[in-house]
Amino acid sequence: MESAHIAQILDEMGTILEIQGENPFRCRAYHNAAQVLSSLPADLSEMIADGTLADVPGIGETMHAKIVQLATTGHLPAYDKLRKAMPSGILALLKVPGLGPKKIKALRDALKIESLADLREAAQSGAIARQKGFGAKTEANILEGLAFLEKSGGRILLNEALLLVTPIFEAVRQHARVIRAEICGSLRRRTETIGDLDILFSAEDPAPILKDFVGLPQVAKVLAHGTTKASVLLPGFKSDQYVQCDLRGVEDRQFPFALHYFTGSKAHNIAIRRRALARGLSLNEYALTGNGSEVACRTEADLFEALGLPEIPAELREDAGEIEAAEKGTLPHLVTVRDLTGTFHCHSDWSDGEATLEQMADGARSAGLAYLGIADHSRSLRMAGGLTIEQVRDQWTRIDALNEKFGRGFRLFKGTECDILADGTLDYPDEVLEGFDYVVASVHSHFRMSREEMTARMIRAVSNPRVTMLGHPTGRLLLVRDSYAVDLDAVIEAAARAGTMIEINANPHRLDLDAVHCRRARQKGVRIVINPDAHSVSGLQDLTYGVSVARRAWLSPADLLNTAPLEKVARQLQQVRTRRGTARAGRDR
DNA sequence: GCCGTTTTCGGCCCGACTGTTTTCAGTCG
C-alpha cells in the first residue's frame, strides 16, 4: 500500500478516536503521523527497508509497526475494528461547520444521529435544540451548515484563490487606518489548492477596519464579527459556491508573531512553539515571551532570529525538515520567477493553442524570457490538432525563419509534446524525433490501464534516449480527476537513471509533478523544468504557479534547466539528446 | 501515541469567538 493511502487511514483513525472521546493527544499522534507520511523525503518502501522510517520524528514504535503492516499486507486489524464501531456517515458529519467530535458524540449518544440525513431530520424536528448543551441557535446553525455543505465545492485552485483575495486584500491594505497587511494561511505557503482565505493587518484599533470589511460589496454572508477578527463568505467561481475569508487585526508590535502564526502550517507552528519552549520562551500569536518580558521583533525574520534560526520561507513551513535545515544552515536558496530564462512546453495555433508562433515569441520576450520552446501536440492527438510529420517539417522551416529574424537576442526551440502510446513507444518515428531540439513525452490516452502496465509504459518512455523530459507525470486535474494509477517513484527512478528531466506543469489545474515527488526527484538527481503548458500568450503567466511548486519542493535555480542562460540551455539540450555527461541536479542538502 | 540539554513519566500550542451558560465547553485556525 502506498504512503498517501496509509496517511489517509491513519488520519481517519485519529478522527474516529476523537469522536470516541479518546485522549486528544493520542488522536493527534495519528493525525501527526498522517501528515508526516504525506511528505516523506523518500519512497516509503525504501524507508522501511533501510530502517530510516523509524527515525522520522512523530513516528514512534507503535505507529511504525502499524505503517509497516499496512504497507506490506494492506490491512490493519486496529483500523478494521475502529471502522466497525463507526458508521461511515458519521465521519461526514465533521464537515458540517460548527460540528466537532464532541458534539457529534453527544448527538450520537442521545439521538442516534449517524449520518447527514439523520442530522437534518433531527434539526428540522427541533430535537437537537432540546438537548443539553445545544440550543435553538446551534440547531439553526446546523441547518445552515448543511445547506452550505451542499453549495460549497470545498477547496479552490491556487489561481482562483489569488483572484478572489486580491481585491479584498487591496481594500484592507489601502485602508487609511491600516499600518501593515499580508495574505496568510495556505495561500501564502502556496499550497496547490486552498480551503479558505486569510488576511492579517495591524492597526491601532482593528474594529473599524473589521466593520468596513464585513460591509464590502463582495461579502455574501457574515459568519463571525468580533473586535479583532471577522469571517465572511465570498461567492466562488462555480454558481452557488462560497469561499470563506477570515480577517484578523492586531497591534503593529504583534504583527510579526501573528503573521507567522496565521501563515502556518499548523505542524510547523507546533514545532516552532516547542522550540521556543525548549529555550525557556513562550510563543503565541501576539508575542514571544521569556522571563516575563517580551522579545521585541519588527519582522518575521527577527522572530526566527530570536529562536536561533534564519528566516524560513513560507513555502517550506510544513514541518518537513525545514526547521532542522534552518538550524544547520542548509536551507536552499529558493528559485524565484525572476530566475527563469525561458520555458519549453507551450502550444501554438499549429495545434490547439490560440496564438501564432510570432505572438507566443513576442509574449515570451515581453515577459523577459530569452527563449521559448514550442511543443505542439503529436499526430495521434487528432482532437487537439496534433501535427502530421509534414506539418512538423513545415513548422521547423517556419521556426528557422523566425529565428533568423530574432538574431542572437531570442530563440524559439523546436519541440513536440509527443504522445506516449499505450505500449510506451512514442508517436513519431525516431528519424523525426531526432529533428527536434527537445521532446516532451506525455500520456494523453489509455488512462485506465493497470498500475503495473502504466508504470511499465512510462518507464519505457522516460528510458527512451529521444525523450528530453516527461510532461505532466500523473495526468491529474486538481479537484476534478485523480492521477492515473502509476508507481511514480519507479518512474522517477527510471528518469534519474536515463538522465531524463521531469516537468513541473505549471498550469494551475495540474501542478504536476507535485511538490513532494518533485523534492524526491531532485534528491534522486533528476533535473526539473518548469513549463506553463501555455495555450495562449497569457498562459505564460502560469509559470509563477510552477515556481510555487518548485519552492515548495526546496528547489534552487541550479536544480532547474530553465534558469540557465540561452547558450547553456541549448548546450544542455544537445547533451541530453546524446546522453553524454548528463548534467545532474544538486546533491541532497 | 510521542518524546526527553530538568524528564522513561507526565507533559503535549493556545487564543478568539459562539452559544449556552451564570463561569465554561466546544470549535476553529
Are the side chain of S202(A) and the backbone of R180(A) linked by a donor-acceptor contact shorter than 3.5 Å? yes
Take a 6.0 Å sphere around CG of D482(A) and say whether it holds more than 12 heavy atoms from other residues, nucleotides or ligands. no
What string of B, S and - do you get for nucleotides 24-29 of chain B, 5' to 3', if B is base contact, S is sugar-phosphate-only contact and - is no contact with any protein heavy atom under 4.0 Å? --SSSB
Partner set under salt bridge (Lys or Arg N to Asp or Glu O under 4.0 Å) for E322(A), not counting sequence neighbours: none
Could you state the CD-C1' distance from E139(A) to dT20(B), rounded to the nearest angstrom? 14 Å
Flag, side chain of T289(A) to backbone of E294(A), donor-acceptor distance under 3.5 Å: no
In whole Å, I'd like the distance from the CZ atom of R274(A) to the P atom of dC2(B). 13 Å
Can you list every salt bridge (charged side-chain N to carboxylate O under 4.0 Å, His left out) pair that touches residues 53-74 of chain A, not counting sequence neighbours? none
Quote, to the nearest angstrom, the C1' distance that separates dT7(B) from dC12(B). 13 Å
Measuring only the P atom in each nucleotide, how far is dT6(B) from dC2(B)? A whole number of Å is fine. 24 Å
If dT8(B) has a Watson-Crick or G-U wobble mate with both distances under 3.5 Å, name it; if not, just say none. none
Listed nucleotide nearest any side-chain atom of I270(A), set dC2(B), dG19(B), dC13(B): dC13(B)
By nearest atom, which of the nucleotides dG1(B), dC13(B), dT20(B) is closest to the T138(A) side chain? dT20(B)
Output the single nucleotide from dG15(B), dA16(B), dC13(B) whose closest atom is nearest the side chain of R28(A). dC13(B)
Heavy-atom contacts under 4.0 Å between residues 63-72 of chain A and DNA chain B, which residues? M63(A), K66(A)
Nearest to side-chain heavy atoms of K137(A), which nucleotide of dA16(B), dC3(B), dG19(B): dG19(B)
Whole-Å distance separating the CG atom of D11(A) from the C1' atom of dG1(B): 15 Å
Sugar-phosphate only, base, or nothing, as touched by N269(A) at under 4.0 Å among non-hydrogen atoms: nothing
Considering residues at least two apart in sequence or located in another chain, which fulfil the salt bridge (Lys or Arg N to Asp or Glu O under 4.0 Å) criterion with E251(A)? R253(A)
Contacts under 3.5 Å, N or O only, protein and nucleotides 4-7 of chain B:
none

Residues 129-148 of chain A vs salt bridge (charged side-chain N to carboxylate O under 4.0 Å, His left out), sequence neighbours excluded, gives E144(A)-K221(A)
Could you tell me whether P24(A) contacts a base, only the sugar-phosphate backbone, or nothing, with contacts defined as non-hydrogen atoms closer than 4.0 Å? nothing
Which residues pass the side chain to side chain contact (heavy atoms under 4.5 Å, CB included) test with N269(A), not counting sequence neighbours? H260(A), Y261(A)
Determine whether any donor atom in the side chain of N32(A) lies under 3.5 Å from an acceptor atom in the base of dG1(B), or the reverse, and answer yes or no. no
Got a sec, which residues hit salt bridge (Lys or Arg N to Asp or Glu O under 4.0 Å) with D514(A), two or more places apart in sequence or on another chain? none
Length of the CD1-P vector between I142(A) and dT18(B), whole Å: 17 Å
Could you tell me how far apart Y286(A) (OH) and dA16(B) (C1') are, to the nearest whole angstrom? 6 Å
Given L283(A), which of I272(A), V295(A), L277(A) fulfils the side chain to side chain contact (heavy atoms under 4.5 Å, CB included) condition? I272(A)
Base, sugar-phosphate alone, or nothing: which one does T227(A) contact when heavy atoms must sit under 4.0 Å apart? sugar-phosphate
If you measure from the P atom in dT5(B) to the same atom in dC13(B), how many Å do you get, rounded? 16 Å
Of the nucleotides dG19(B), dG1(B), dC17(B), which one has an atom closest to the side chain of T228(A)? dC17(B)
Side-chain donor or acceptor of N505(A) paired with backbone N/O of R510(A) under 3.5 Å: no
Once salt bridge (Lys or Arg N to Asp or Glu O under 4.0 Å) is applied, do any residues pair with E121(A), and if so which ones, sequence neighbours excluded? none
DNA chain B: P57(A) or S282(A), which has the more 5' nearest nucleotide? P57(A)
Nearest-Å distance, CG (L210(A)) to P (dA16(B))? 13 Å
Please list all pairs passing the salt bridge (charged side-chain N to carboxylate O under 4.0 Å, His left out) test where one or both residues lie in residues 263-281 of chain A, with sequence neighbours left out. R273(A)-E285(A), R275(A)-E327(A)
Whole angstroms only, please: what is the CG-P distance between L82(A) and dG1(B)? 10 Å
Note: for A136(A) and R273(A) on DNA chain B, the residue whose nearest nucleotide lies more 5' is R273(A)
Taking only the side-chain nitrogens and oxygens of T62(A), find out if one of them lies under 4.0 Å from OP1 or OP2 of dC2(B). yes
Whole angstrom value for the distance that separates P of dC2(B) from CZ of R26(A): 10 Å
Which value, in whole Å, describes the distance between the P atoms of nucleotides dC9(B) and dA16(B)? 37 Å
I'd like to check the side chain to side chain contact (heavy atoms under 4.5 Å, CB included) partners of T138(A); sequence neighbours left out, ordered by chain and number. K103(A), F134(A), I142(A)
